[in-house]
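Each remark here refers to the structure printed beneath this line.
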Amino acid sequence: MSEEKLSVEEETAKKLLEEKDSESRLRNYSGPMGIIVSVCLCLWTGFQLYYSTVGVISAINLRAFHCIFLLAFTFLLYPSFKSQKRNRKFPPVEDILLTGAGIFSFGYLILHYTEIAQTGGRITDFQAWVAAIALLVVFEASRRTSPNLAILAAVFLAYNFLGKYIPGQLGHSGFTLKRVLITQFWGTQGVLGTGISVSATYIFLFVVFGSFLKHSGFSKFINDFSLTLVGQTPGGPAKVAVLASALMGMINGSAVANVATTGTITIPLMKKTGYKKEFAAAVEAAASTGGQFCPPIMGAVGFVMAEFLGMSYTAVMVASILPAFLYYLGLLAAVHFESKRLGLSGISKENIPDCWKVIKQQGHLVLPLVVLIVMMCKGFTPLLAAVISIFVTVAASWIRKETRMTPDKIIAACIEGARGAVGVGVSCVIIGVIIGTVTLTSLGLSMGYLILNVVPNNSIYLTGFLVMIMSIILGMGVPGVAAYVIVQAVAVPVLLKVGISPLPAHMFCLIYACLSNITPPVAISCYVASGIAGSNQLKTGLLSVRLGLIGFLIPFFFLANPVLLIGASESHSIWVSLWALLTASAGTLTLVGALEGWLLRKAGWIERIILLVAAPLMLKVDVGTDLAGIGILCGVIIYQYIRNSSDKQKEALIS
């Protein structure tokens, strides 16, 4: 691919991101203001690192200070509208006023929160006005960063007042404005609740960690190492896209940003190899999306889940291994079968870097991830592990001159990390409005009772289907972590009501909230990928769903039997989990073979139907169904092997 062509792809990705992703439209300041903003971003990074580890500060004050930083940088960096110019010397007057309003309202809370808490939450009219100003400022910040989420939060906020007019189980008796303001601002259930708590701790630190990894050259190592592993195999570029996007996606936690960065390289390579443009775009979109539930980092969402569940992150990480493995096994199998069906080859050997040379020159860059995993497995908190890993990243980069992080790179990593945390942080603040509403109105319980009244005999699978639809809808167009926080507040209680254990219920909602990125009609990851590939958006979205179908199916199989979530059930031994891994892997390959029409050779319609029947038998963890599915699969394999041998004999006779 020529340099000119690559620049065209990057320019396309940039335009698409600016249209769909607000983080790509950030302002650039020149002169003294640029220096001031950069210094403040570095100070914010230092503030968060200090108080997340050795510093002492109350939880509510940390959240309030975090909100002040988020709101200030939102109004400084995010334009009011797409049409506003990005290059400026000073921010507009209205944004200075909004920044002041945010500092005033949350600063007032820091000074007076304790005395209000001591009165049992009673507030004066002036304090109610302070809360109202804070909410208005938060909504304006969210409108700039996540407009879809701002609309959703506005609907939930309105429900506090209009719910009394709704008949049936979804209605409530109504609440006064002061009661709503107390819950949303002066309590710990609203904007200063769980959402901002995880943003001020886990999310910020791991976004900064990802930025340091990027500036150390880790992303280049991932691409080069993926090329050495699968580049020469049939359909090598597509497999490289799957592996690279999985590794990068689990670190940055943004499927859209991942598509825009890795997709500018992988999509043109796939098209050049011979894949259709829709298929190339779909592979990149599906691979980038799965990184959000791929261990060990899971785009920081795993730490949030551990917080909600009250268990160690290690337990959540281990439980996510099988679903993530099966998802990416299905993607790799799909691109392999497609390449065999099309008769495609891999990348030529001269274009593949030497494996040992890559490991020797760049392998040290994986040390921060090793340190992170070891520390968490040893029982250290994820916050301390993340901070130590950031310092290890800098130290590891100095092992070789080519990867050395100079002071300029370290400052750039701090600035980029802090900037990257603004958008998702504001999403977490506005999510507090949704969670506050659910808590005040008991909407989660009401929704659960409504669904249970509709579902006959408390059917697990029908309830799961309705929750899947709810999770996908609530997650559309929302960052991964934010989508999960919303979904767990509304959908998880429904699953708990029908007897699902907490860990499977949370993992179920997480996976579907993430998969909303490739689910039409929104499918924002597919939109960006199809723009880079020049493909039809709807076809790309539907193809992404087909490629990631195993991800849509696996959660239903661990709802009734959580053996596919390692460690979720104490009654299952490690041998049961290993058996589940083997049979579920066989079921995944069988399902993909049926969808792609290929196993050992091209499969006819009858073979594909038989494979479709066999796949769920092996995905359902039960010895009887497993053996039946394996028997059917072996029958198809033997049949195709005999046909291959027969064809070779005929070719030999003809020649």
Side-chain angles (χ1 to χ4, degrees), residues 11 14-15 17-49 64-111 129-130 132-147 149-150 191 196 199-200 204 207-208 211 215 257 260 407-430 479:
E11 186 64 29
K14 182 180 177 181
K15 289 180 180 178
L17 269 183
E18 288 180 358
E19 181 179 346
K20 287 291 183 180
D21 186 17
S22 56
E23 289 187 18
S24 61
R25 299 192 297 269
L26 299 184
R27 289 175 179 146
N28 296 313
Y29 289 102
S30 59
M33 192 65 198
I35 297 173
I36 291 171
V37 171
S38 296
V39 170
C40 290
L41 286 167
C42 290
L43 289 174
W44 184 25
T45 301
F47 173 87
Q48 294 286 163
L49 290 175
F65 275 116
H66 189 69
C67 282
I68 288 173
F69 279 114
L70 286 173
L71 294 173
F73 286 119
T74 298
F75 297 126
L76 288 174
L77 297 175
Y78 286 79
S80 301
F81 302 98
K82 293 180 182 180
S83 58
Q84 274 192 344
K85 64 178 183 178
R86 294 173 54 198
N87 297 318
R88 307 185 65 97
K89 288 188 176 181
F90 298 100
V93 175
E94 64 270 20
D95 288 346
I96 295 175
L97 294 175
L98 285 168
T99 301
I103 294 173
F104 163 74
S105 55
F106 283 94
Y108 185 90
L109 180 139
I110 292 170
L111 295 174
W129 275 106
V130 171
I133 291 171
L135 282 181
L136 289 173
V137 171
V138 166
F139 267 96
E140 170 57 18
S142 180
R143 184 192 67 80
R144 299 187 185 197
T145 60
S146 303
L149 192 52
V191 295
I196 192 61
S199 174
F204 187 92
V207 170
V208 172
S211 178
H215 283 271
D408 287 346
K409 287 186 177 181
I410 294 172
I411 292 172
C414 290
I415 293 172
E416 185 177 313
R419 282 164 65 111
V422 174
V424 68
V426 173
S427 296
C428 289
V429 177
I430 197 69

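All of these numbers come straight from a predicted model, not from anything done at the bench.
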Stepwise side chain to side chain contact (heavy atoms under 4.5 Å, CB included) test for Phe104 and Val130: CA-CA 8 Å; Phe104 163 74; Val130 171; 4.1 Å; yes

Check ion pair Asp95-Arg88 (N to O, under 4.0 angstrom): no

Spacing of CD1 belonging to Ile415 relative to SG belonging to Cys40, to within rounding of 0.5 Å: 10.5 Å

Where Thr45 and Ala418 come nearest, the two heavy atoms and their spacing: OG1-CB, 3.6 Å

Nearest-0.5 Å distance, CD1 of residue Ile410 to OG of residue Ser211: 11.5 Å

Side chain to side chain contact (heavy atoms under 4.5 Å, CB included) between Phe90 and Ile96, intermediate numbers included: CA-CA 10 Å; Phe90 298 100; Ile96 295 175; over 6 Å; no

Flag side-chain contact, heavy atom, 4.5 Å: Phe73 against Leu26: no

Minimum heavy-atom distance Met33-Lys89, with the two atoms named: CB-O, 3.0 Å

Validation row: Val429, Ser142 side chains within 4.5 angstrom (heavy atoms): no

Closest approach of Val191 to Ile196 (non-hydrogen atoms, all atoms of both residues): O-CG2, 3.2 Å

Nearest-0.5 Å distance that lies between atom CG in Leu70 and atom CZ in Phe65: 13.5 Å

Approximate separation, where rounding is to 0.5 Å, of Leu149 CG and Phe139 CZ: 9.0 Å

Side chains of Val422 and Tyr78 in contact at under 4.5 Å (non-hydrogen atoms): yes

Side-chain touch Val426/Ser146, heavy atoms, less than 4.5 angstrom: no

Rounded distance (nearest 0.5 Å) linking atom CZ of Phe47 with atom CZ of Phe204: 10.0 Å

Non-hydrogen atoms of Thr74 and Arg144 that approach each other most closely: O-NH1, 4.4 Å

Smallest separation among heavy atoms of Pro79 and Arg27, with atom names: CA-NH2, 3.6 Å

Distance-minimising heavy-atom pair for Glu94 and Ser80: OE2-OG, 4.5 Å

Geometric class of the Phe69/Trp44 ring pair [parallel <30°, tilted 30-60°, perpendicular >60°]: parallel

Pair Arg419 + Glu416: basic N to acidic O under 4.0 Å: no

Verdict with supporting geometry, Tyr29 and Leu76, side chain to side chain contact (heavy atoms under 4.5 Å, CB included): CA-CA 9 Å; Tyr29 289 102; Leu76 288 174; 4.3 Å; yes

Side chains of Val208 and Cys414 in contact at under 4.5 Å (non-hydrogen atoms): no

Value rounded to 0.5 Å, distance of CG in Leu136 from CG in Leu98: 10.0 Å

